Amino acid sequence: MCIRDSGRRGGFWLGMRKAYQHTGIVKFKTGNWMAEGYYLEPDSPGEKTRMGGMNIEYDFGHRGGIGASYTKVFNADDDRRDGLDIFDIRGDIRPFEQWPGLHLDAEYANEDNGNKNDSWAGYGRITYAFSDAILWSPKVFYRYAHFSGDDEKGDNNAFDPINYGFNDWDEWFVGEIIGEYVTSNRNLNSHTLNLSLSPTNDLSLGLYYIHFRLDEKQNKLTPRPPTNSRAALINDKDLGHEVNLTVDWKLTDQIYVGMMGGIVFPEDGAEDFFGDDENWTVFMLTASYSF
């Protein structure tokens with residue numbers, strides 16, 4: 001779990017920080033059960049958020065597992081977050097012994113803070129990893145993700161992505177262009193198709209296609225910090241199609257290189273917001289050295 005980075009500290013581009021000013025975790029494990037309680041106070045200028053909660057998980061071994069958590073934001077500068085209750089349930093399963101490459105996983109999160117916040121998000125994914133005997137060990141998945149938007153009637157229904165993390169390309173930041181630079185994880189529905197290949201043990205290739213669509217028509221998009229929200233009348237929910245090609249290369253045990261090239265083909269909703277239908281492109285190169 002990573003608190004969202006402050007843009008003026010450079011973390012948005014250079015890598016997620018995992019530091020907290022004050023942290024407490026108590027963990028208990030017996031058999032297949034694991035329970036933990038936690039207190040988190042991020043070290044992030046301009047974002048005072050204190051939270052605590054508990055998490056419980058059950059491990060089915062190679063067949064999968066389930067988990068649930070409750071988090072209470074008991075102090076925050078942001079009035080919509082102050083007092084927020086967050087409930088999360090998730091699970092994954094490999095349902096058939098005869099098809100060991102088939103993997104299903106899903107997660108649901110609900111946020112409630114009276115009339116300040118009543119929102120939810122979730123995803124479902126189906127993955128199939130082909131046998132290693134097949135050339136380059138291909139793996140494919142389809143994922144649908146939903147982040148609620150505000151219908152501007154009664155409670156605020158726009159999901160608040162209070163904590164960010166990183167697992168893989170196009171994971172939590174859905175889309176390396178749309179998710180990184182255009183909008184945040186709120187008021188957004190996405191369909192993702194992925195093909196991953198491993199030519200060698202140290203080299204992985206990924207091809208992603210993502211279709212983005214607004215959950216509710218809005219007059220503004222809310223990008224991730226440090227970009228400010230912009231107002232514009234959006235008459236169409238379709239935002240665009242994104243295609244990304246990724247390369248992960250482990251040169252040595254200490255040196256990692258990652259590359260990504262992407263393009264977005266905007267649809268009418270993005271054209272309403274930005275005023276044109278020009279394609280967007282990006283190229284990123286990252287390298288790290290582990291001591």
Side-chain angles (χ1 to χ4, degrees), residues 4 7 12-13 80 106-111 117-126 140-162 164 166 168-195 206-246 260-284:
R4 186 165 53 196
F12 172 49
W13 290 278
R80 189 169 177 243
E107 185 170 7
Y108 169 83
N110 179 269
E111 298 178 333
N117 190 336
D118 181 13
S119 58
W120 71 278
Y123 80 89
R125 173 168 50 188
I126 179 170
V140 296
F141 76 70
Y142 164 77
R143 180 187 67 226
Y144 172 75
H146 168 83
F147 301 93
S148 63
D150 186 24
D151 58 8
E152 301 180 349
K153 300 176 182 177
D155 297 347
N156 192 330
N157 306 121
F159 187 76
D160 181 7
I162 188 170
Y164 279 94
F166 178 81
D168 203 349
W169 300 101
D170 290 314
E171 276 286 331
W172 187 256
F173 308 110
V174 184
E176 298 302 318
I177 301 178
I178 296 288
E180 288 275 5
Y181 301 102
V182 179
T183 186
S184 62
N185 289 338
R186 57 165 57 91
N187 192 31
L188 196 65
N189 297 319
S190 63
H191 300 268
T192 303
L193 290 171
N194 165 255
L195 169 64
L207 178 64
Y208 297 81
Y209 162 76
I210 314 169
H211 178 245
F212 293 94
R213 182 174 169 83
L214 294 175
D215 180 46
E216 300 284 350
K217 291 183 181 180
Q218 299 282 290
N219 61 5
K220 68 178 181 178
L221 293 178
T222 306
R224 293 183 56 231
T227 308
N228 295 324
S229 299
R230 293 179 53 194
L233 182 60
I234 301 174
N235 297 306
D236 195 291
K237 291 185 178 182
D238 289 319
L239 284 181
H241 305 267
E242 180 168 338
V243 178
N244 295 323
L245 177 63
T246 64
M260 191 285 297
I263 184 169
V264 168
F265 305 96
E267 292 195 84
D268 290 343
E271 185 177 354
D272 288 342
F273 185 72
F274 290 101
D276 63 55
D277 58 356
E278 297 272 338
N279 295 338
W280 312 332
T281 58
V282 69
F283 174 78
M284 291 191 289

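Here, residue 1 is the first one in the sequence, and each next residue gets the next number. Side-chain atoms are counted along with the backbone in the values below, which use heavy atoms only and exclude waters and symmetry mates. Owing to the predicted nature of the structure, the values given are computational and were not obtained by experimental measurement.
Atom CG of residue Leu214 and atom CD of residue Glu267 lie 10.5 Å apart, to the nearest 0.5 angstrom. Distance check, rounded to the nearest 0.5 Å: CD1 of Ile210 to CD of Glu176 gives 7.5 Å. How far OG1 of Thr192 is from OH of Tyr209: 9.5 Å, rounded to the nearest 0.5 Å. For the atom pair CE (Met260) and OG1 (Thr246), the distance works out to 8.5 Å, reported to the nearest 0.5 Å.
Ser148 is linked by a side chain to side chain donor-acceptor pair (under 3.5 Å) to nothing, counting only residues two or more places apart in sequence or in another chain. For His211, the ring pair (Phe, Tyr, Trp, His ring centres under 6.0 Å) criterion is met by His241, not counting sequence neighbours. For Glu107, the side-chain contact (heavy atoms from CB on, under 4.5 Å) partners at least two apart in sequence or on another chain are Asp88, Arg90, Tyr123. Judged as a side chain to side chain donor-acceptor pair (under 3.5 Å), and not counting sequence neighbours, the contacts of Asn156 are Arg80. In this view, Tyr208 satisfies the side chain to side chain donor-acceptor pair (under 3.5 Å) rule with no residue, not counting sequence neighbours. Residues passing the salt bridge (Lys or Arg N to Asp or Glu O under 4.0 Å) test with Asp238, sequence neighbours excluded: Arg213. Evaluation of the side-chain contact (heavy atoms from CB on, under 4.5 Å) rule for Asp268 yields Asp236, Glu271 as partners, not counting sequence neighbours. Leu195 meets the side-chain contact (heavy atoms from CB on, under 4.5 Å) test with Pro138, Val140, Leu197; sequence neighbours excluded. When the side chain to side chain donor-acceptor pair (under 3.5 Å) test is applied to His191, the partners found at least two apart in sequence or on another chain are Tyr142. Considering only residues two or more places apart in sequence or on other chains, Asn157 meets the side-chain contact (heavy atoms from CB on, under 4.5 Å) condition with Asp118, Asp150, Asp151, Asp155.
Taking the side chain as every heavy atom from C-beta outward, Asn110 and Tyr108 approach each other to under 4.5 Å. Side chains of Asp160 and Asn117 form a contact here, defined as non-hydrogen atoms less than 4.5 Å apart. Side-chain contact check for Val264 versus Phe212: every heavy-atom pair is 4.5 Å or farther apart. Annotation: side chain of Glu242 is not in contact with side chain of Trp280 (no heavy-atom distance under 4.5 Å). Side-chain contact between Phe283 and Thr281: absent, with no pair of heavy atoms (C-beta onward) separated by less than 4.5 Å. Two residues are said to be in side-chain contact when any heavy atoms from C-beta on lie closer than 4.5 Å; Ile178 and Thr183 meet this criterion.
A pairwise comparison of heavy atoms in Lys237 and Asp215 identifies NZ-O, 3.1 Å as the closest pair. Contact record, Leu239 with Gly269: CD2-C, 4.1 Å, taken as the closest heavy-atom pair. Ile177 and Ile263 get closest at one heavy-atom pair: CD1-N, 3.8 Å.
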Q) Going through the distances and angles, do Val174 and Arg143 end up as a side chain to side chain contact (heavy atoms under 4.5 Å, CB included)? A) CA-CA 11 Å; Val174 184; Arg143 180 187 67 226; 4.1 Å; yes
**Q.** Test side chain to side chain contact (heavy atoms under 4.5 Å, CB included) applied to Phe147 and Asn189, step by step
**A.** CA-CA 6 Å; Phe147 301 93; Asn189 297 319; over 6 Å; no
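Phe159 does not carry Arg186 over the face of its six-membered ring by the limits of under 6.0 Å from the centre and within 45° of the normal.
The backbone N or O of Ala158 sits nowhere less than 3.5 Å from a side-chain atom of Asn187 that would complete a donor-acceptor pair.
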